[in-house]
Novice: 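Would you mind keeping the following structure in view while I ask a few things?
Every chain is numbered from 1, with letters handed out A, B, ... down the list of sequences.
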Amino acid sequence: MTVKKIRIALAGNPNVGKSVIFNALTGGRQHVGNWPGKTVEKKEGTLKYKNHSFKVIDLPGTYSLTAYSIDEIVARDYLVEEKPDVVIHVVDSTNLERNLYLTIQLIELGAKVILALNMSDLAEKKGLRIDERHISRLLGIPVIKTVATKEKGVKKLLDKAIKLAGETKESKRKVLTYGKELEEHIEELRDCISKKLELPFGYTPKWTALKLLENDKEVIKKLKGVKNSAHVLKKARETRVHLQDVFGEDVDSSIADARYGLIAGLIKESVKKPAVNRISMSDQIDKVVTNKYLGIPIFLLAMFLMFQLTFEVSAPFMELIDEFFGWLAQTASASIPAGWLSSLVSDGIISGVGSVLIFIPPIFILFLIIALLEDSGYMARAAFIMDKLMHKIGLHGKSFIPMILGFGCNVPAIMATRTLSNRKDRLLTILINPFMSCGARLPVYILFAAAFFPNNQGLVVFSLYILGMMVAIIMGLILSRTLLKGLSAPFVMELPPYRVPTIKGALIHMWERGSLFLRKAGTIIFAAVVLVWALSSFPAGVEYGAQESYLGQVGTAIAPVFGPLGFGDWRASVALMTGFVAKEIVIGTFGTIYGVEEGGLEAALQQHFTPLSAYSFLVFVLLYVPCMAVIAVIKRETNSWKWPLFTAAYTTAVAWIVAFIVYQGGLLLGFV
Amino acid sequence: MGMPLAMVGAHEKVRVKSIVGGYGIMKRLSDMGIYEGTTLEVVRNDSTGPLILKVLDSRIVIGRGQAQKIMVEMK
């Protein structure tokens with residue numbers, strides 16, 4: 001029996017159900033990492049089917065194989081240089097025309113393409129009758145109708161992949177011809193290339209010729225290192241100029257025209273559209289949702305409901321986790337003889353990690369709701385609505401989605417900025433993201449609000465969220481006019497049609513983001529927890545977290561800095577320092593230093609804070625240095641220490657200034 | 001004569017005459033189906049903020065700044 005490993009690459013536009021197909025193919029056996037040297041996510045999975053093993057690679061969602069964004073470069077380099085055995089191109093059946101543009105490019109690349117007409121059930125519902133056999137004949141590639149959410153057609157894809165991977169003879173794939181004039185020049189250039197150059201990375205001469213005429217910057221860059229390429233590149237430039245004269249338009253436009261022309265003909269022959277072109281449901285909904293006056297109120301309402309639902313649903317789960325870790329710490333300290341080990345396990349590890357894990361419910365539920373909003377198509381509308389506001393700070397609507405994610409956890413939010421193509425946009429979005437109040441800060445607000453503002457708890461918490469957003473906007477304004485000047489990338493984005501999201505798809509999305517939080521809890525926070533414990537427990541003999549411990553000593557030294565903000569007590573400084581591990585740890589630290597159980601914490605705080613200094617403290621907690629997991633992710637995403645260090649410094653400076661204004665301003669106005 | 005896409009009202013169908021822009025944006029637009037010679041429909045234009053276009057069978061949001069640089073003629 002022969003067992004052969006077949007490598008399948010999944011390609012496709014965003015929003016076509018690619019990740020659902022990937023999941024249907026690989027089940028749980030997948031691995032998420034980064035493409036070497038790039039901050040683009042690489043998903044790989046394996047499966048076995050009919051005596052064959054497969055390795056499936058999910059390429060980043062792209063609209064084409066030009067070299068516009070890192071995503072596209074990654075996808076293309078993989079296809080050209082690694083040559084997967086089969087490429088499955090997943091397309092949205094309800095929008096074939098635009099989707100097939102990528103198919104044409106995949107075929108041109110010489111890949112063995114299988115076309116998966118996904119969401120074929122939706123197309124049928126819309127009244128589209130697609131003759132997949134005819135498309136298959138016209139393009140010379142296998143075409144399969146699929147409904148990924150119901151795993152329909154997925155097995156067929158694998159059957160075809162086995163067949164195609166085994167084929168050795170010259171393929172029947174049709175190659176698009178670009179019209180006489182253009183073809184002649186492509187051929188001329190191709191001949192010149194095959195005579196003069198030894199092409200790297202398995203480029204074919206014809207494809208290279210086409211890419212040179214398209215003025216593809218990446219291909220040109222790569223050819224520059226090849227012997228004799230100067231002559232070919234010069235010839236390509238001349239040909240471009242010549243063709244421009246002949247056609248009176250850009251060569252790119254002629255090429256795009258030829259591709260879309262072929263697709264239009266193909267669609268005409270093989271797709272029957274319903275005769276009446278009624279206004280689609282999506283457009284009807286958009287009339288209300290993106291309305292000039294209604295858009296923002298509807299958006300705010302959606303956000304309000306999102307938070308409300310998150311808190312309501314997660315509260316009971318959080319209580320359970322809290323009780324569990326309380327019990328675990330007690331059991332541990334009871335069963336380990338008293339001493340430093342017992343303290344490390346119960347004070348350090350269990351309560352430290354527990355105070356982070358308690359955020360699993362709200363973070364996962366928030367991400368689930370966001371995934372449902374994204375999959376339904378609403379998030380793209382939110383980006384549209386918010387574009388005007390984002391524009392004022394030198395960004396555009398697309399940057400808005402990472403900002404919303406920041407309400408859950410800033411780590412996945414910062415990673416979500418990968419969808420932004422322009423480096424300046426991305427950096428700016430990363431730098432202001434920590435001001436979006438993440439889930440970990442909320443328990444601090446709630447505790448203080450309950451202790452000091454029993455009649456206005458909701459209002460106090462809400463005001464902090466708003467303050468965070470306002471500071472983000474102001475800092476965006478300042479940064480985009482100073483450090484991060486420059487034009488932002490033009491705003492072009494697809495508005496996917498509204499769809500009923502599937503629970504499965506949303507769960508996958510939730511897991512992809514939420515697991516980032518889990519991983520950080522498992523690694524970096526664990527190490528930090530141990531460090532904080534050690535600083536609080538030594539020099540040997542001091543009581544845990546006492547003023548004489550190392551942490552207490554540092555806290556005492558820096559406390560005067562916070563005097564003008566209303567909380568110059570060393571305990572507050574210590575709590576803030578531990579908050580660098582994860583912000584909610586601030587509460588646990590107060591509990592430890594005051595030596596009270598959670599129930600007594602409110603009373604203890606009331607002795608050390610006034611309502612005004614409490615609010616000033618909350619403002620500081622909201623704005624100061626984000627937790628170390630965020631610093632680590634900024635380091636990874638920007639590939640330098642410069643930006644994470646800058647973030648740590650400037651956010652803390654901003655926090656000090658704003659808290660100073662709040663406290664001193666409050667005093668002047670007669671508050672206490 | 002041509003006029004900028006940003007000035008076209010909702011429900012108007014237009015033909016793209018020329019696009020001003022760097023290499024990247026030209027490619028991105030043609031990937032989305034917007035290139036010299038295509039026909040598209042303006043779905044929404046609120047005279048501030050981005051526009052929504054109907055291109056092929058999809059809805060594309062485009063920033064006002066970019067829409068200023070796309071010259072079109074009425075169909």
Novice: Tell me every residue that passes ring-ring contact (aromatic ring centres under 6.0 Å, His included) with Phe491(A), counting only those two or more places apart in sequence or in another chain.
Specialist: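 Applying ring-ring contact (aromatic ring centres under 6.0 Å, His included) to Phe491(A) gives His396(A).
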Novice: Output yes when Arg59(B) and Asp283(A) qualify as a salt bridge under the 4.0 Å nitrogen-oxygen rule, no when they do not.
Specialist: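 Salt bridge: yes.
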Novice: Return each pair, listed once, that meets ring pair (Phe, Tyr, Trp, His ring centres under 6.0 Å) where at least one residue sits in residues 32-59 of chain B; pairs must be two or more places apart or across chains.
Specialist: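 Listed by first then second residue: Tyr260(A)-Tyr35(B).
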Novice: For chain A, which candidate among Arg64(B), Lys69(B), Met32(B) shows the most heavy-atom pairs at distances under 4.5 Å?
Specialist: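 Sorted descending by pairs with chain A, the first entry is Met32(B).
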Novice: For the residue pair Arg44(B) and Thr290(A), confirm or rule out a side-chain donor-acceptor distance under 3.5 Å.
Specialist: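 There is such a pair (donor and acceptor under 3.5 Å, judged by atom type) between the side chains of Arg44(B) and Thr290(A).
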Novice: Using every non-hydrogen atom in the two residues, find where Phe384(A) and Val61(B) come nearest and quote the distance to one decimal.
Specialist: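 Where Phe384(A) meets Val61(B) most closely, the heavy atoms are CD1-CG1, 3.7 Å.
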Novice: In Å, rounded to the nearest 0.5 Å, how long is the span from CD1 of Ile62(B) to CG of Leu495(A)?
Specialist: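 Here the rounded value is 12.0 Å.
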Novice: Using a 4.5 Å cut-off on heavy atoms from C-beta on, say whether the side chain of Ile60(B) contacts that of Arg98(A).
Specialist: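 Yes. Closest side-chain heavy atoms under 4.5 Å.
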Novice: Any side-chain to backbone donor/acceptor pair from Lys27(B) onto Asp216(A)? Under 3.5 Å, distance only.
Specialist: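 Not a single qualifying donor-acceptor pair exists.
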Novice: Would you give the length of the straight line joining atom CD of Glu36(B) to atom OG of Ser254(A), rounded to the nearest 0.5 angstrom?
Specialist: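 One gets 8.5 Å once the value is rounded to the nearest 0.5 Å.
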Novice: Can a salt bridge be assigned to the pair Arg28(B) and Glu72(A) using a cut-off of 4.0 Å between side-chain N and carboxylate O?
Specialist: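 Glu72(A) and Arg28(B): salt-bridged.
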Novice: Measuring only between side-chain heavy atoms, which start at C-beta, is Ile25(B) closer than 4.5 Å to Val492(A)?
Specialist: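 Ile25(B) vs Val492(A): side chains touch.
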Novice: Under 4.5 Å from any heavy atom of chain B, what part of Tyr101(A) do you find: side chain, backbone, both or neither?
Specialist: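 Side chain of Tyr101(A) only, per the 4.5 Å heavy-atom cut-off to chain B.
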Novice: Return the CG to CG distance between Leu56(B) and Leu100(A), rounded to the nearest 0.5 Å.
Specialist: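 It comes to 10.5 Å.
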Novice: To the nearest 0.5 Å, how far apart are OG in Ser30(B) and OH in Tyr63(A)?
Specialist: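 Rounded to the nearest 0.5 Å, the OG-OH separation comes to 13.5 Å.
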Novice: What part of Leu53(B) lies closer than 4.5 angstrom to a heavy atom of chain A: side chain, backbone, both or neither?
Specialist: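 Neither part.
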Novice: With only heavy atoms counted, which part of Asp286(A) is less than 4.5 Å from chain B, the side chain, the backbone, both or neither?
Specialist: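 Asp286(A) touches chain B through backbone heavy atoms alone.
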Novice: Which distance, rounded to the nearest 0.5 Å, do you find between the CD1 of Ile34(B) and the OG of Ser253(A)?
Specialist: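 So the CD1 of Ile34(B) and the OG of Ser253(A) are separated by 12.0 Å.
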Novice: What distance separates Lys388(A) NZ from Asp46(B) CG, expressed to the nearest 0.5 Å?
Specialist: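 The distance works out to 7.0 Å.
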Novice: Out of Glu214(A), Arg259(A), Gln105(A), return the one with the most heavy atom pairs under 4.5 angstrom to chain B.
Specialist: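 The answer is Glu214(A).
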